[in-house]
Amino acid sequence: MISYVRGELAAVEPQKAVIDVGGVGYGVYMPQQALSLLPQPGNEVKLYTYLNVKEDAMQLFGFLTKDDLEIFKLVIGVSGIGPKGGLNILSCMSPDELRFAIMSGDAKAISAAPGIGKKTAEKLILELRDKVDIEDVLNNAAHGGDAERLQAEGAESGMQAEAVQALVALGYGNAESLRAVKKTSPDCQTVEDILKEALKYLF
């Protein structure tokens with residue numbers, strides 16, 4: 001298993017990046033959103049990777065963060081969705097947006113990905129609904145996955161999650177509620193404080 005590759009970005013192609021590692025160019029398939037965030041060729045990059053081995057080929061799939069890689073692994077763990085299908089989904093929506101689509105049962109948003117039909121999207125939601133959590137989204141966004149800091153900031157994360165749920169109950173969309181809560185000040189002491197500030201960004 002190749003856990004990650006680090007080297008010079010040699011080129012960005014329509015579906016993949018070419019990484020020069022010690023004189024060897026690795027073609028790494030990536031979601032379109034991730035490809036658009038890569039620096040200019042010539043800069044060093046580090047990609048977290050998944051190696052897919054088939055009878056006639058070996059393919060590397062790369063992601064900018066461990067969180068992106070983990071959600072990709074969850075998606076391809078659903079029967080009927082291969083690595084290319086998982087890549088298509090994450091090219092159409094961010095990991096956070098996918099989590100919200102799963103939690104809210106939004107099969108339409110997921111099936112917008114090329115090659116993913118409504119039944120496959122519904123199956124993905126059914127199988128992954130218990131494996132994703134709104135606090136994962138908030139934790140990853142606020143702290144970059146740092147376990148010790150997550151533990152220390154658990155109360156803050158819990159309040160943010162409650163605020164997002166409250167906004168959704170008021171009729172706001174999952175994604176826009178999350179974005180508004182992410183923008184609130186860390187000085188907010190209560191869920192009410194977070195809600196008041198988040199609503200300013202929604203009006």
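Residue indices begin at 1 and follow the sequence shown.
- K131 NZ to R99 CZ: the interatomic distance, rounded to the nearest 0.5 Å, is 13.5 Å.
- In this structure a side-chain-to-backbone donor-acceptor pair under 3.5 Å is present from E197 to S185.
- When side chains are defined from C-beta on, L199 counts as touching L167, because their heavy atoms get closer than 4.5 Å.
- Within a 6.0 Å radius of NZ in K46, other residues, nucleotides and ligands contribute more than 12 heavy atoms.
- The side-chain contact (heavy atoms from CB on, under 4.5 Å) test with I71 is passed by exactly one of I89, L90, L128: L90.
- In this structure, the side chain of E127 does not engage the main chain of V75 through any donor-acceptor pair within 3.5 Å.
- Every residue meeting the side-chain hydrogen bond (donor to acceptor under 3.5 Å, both in side chains) condition with D68, not counting sequence neighbours, appears here in chain and number order: T65.
- Put simply, the side chain of S91 gets close to the backbone of Q32: a donor and an acceptor are under 3.5 Å apart.
- Residues Q15 and L87 fail the side-chain proximity criterion, which asks for heavy atoms closer than 4.5 Å.
- With a 4.5 Å cut-off on side-chain heavy atoms, M30 and L64 count as touching.
- Contact annotation: the side chain of V191 never approaches that of I194 to less than 4.5 Å [non-hydrogen atoms, C-beta and beyond].
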Let me see the working for I110 and I102 under side chain to side chain contact (heavy atoms under 4.5 Å, CB included), right down to the final yes or no. CA-CA 8 Å; I110 298 172; I102 292 169; 4.3 Å; yes
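- For residues 71-94, the set of pairs meeting the salt bridge (charged side-chain N to carboxylate O under 4.0 Å, His left out) definition, not counting sequence neighbours, comprises E70-K73.
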Quick one: do L51 and V53 satisfy side chain to side chain contact (heavy atoms under 4.5 Å, CB included)? Show the steps, please. CA-CA 6 Å; L51 178 62; V53 180; 4.0 Å; yes
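- In this structure, Q160 CD and T184 OG1 are separated by 5.5 Å, a value rounded to the nearest 0.5 Å.
- Once rounded to the nearest 0.5 Å, the distance linking CG of L9 with CG of L38 reads 5.5 Å.
- The aromatic rings of F72 and F63 lie tilted to each other, with the angle between the two planes from 30° to 60°.
- Under the 4.5 Å side-chain criterion, counting only non-hydrogen atoms from C-beta, K196 is not in contact with C188.
- Side-chain atoms of N88 come within 3.5 Å of backbone N or O of P114 as a donor-acceptor pair.
- Here Y29 pairs with F61 under the ring-ring contact (aromatic ring centres under 6.0 Å, His included) rule; sequence neighbours left out.
- Residues V21 and R6 share a closest heavy-atom pair of CG2-O, 3.7 Å.
- Considering all non-hydrogen atoms of both residues, C92 and A112 come closest at SG-O, 4.3 Å.
- The CD1 atom of I125 lies 7.0 Å from the CD atom of E122; values are rounded to the nearest 0.5 Å.
- Using a distance-only test at 3.5 Å, with no hydrogens or angles considered, a donor-acceptor pair links the side chain of T49 to the main chain of I2.
- Note on V181: it clusters hydrophobically with L170, by side-chain heavy-atom contacts below 4.5 Å among ILVMFWY residues.
- The closest donor-acceptor contact from the side chain of T120 to the backbone of I116 lies at 3.5 Å or more, if one exists at all.
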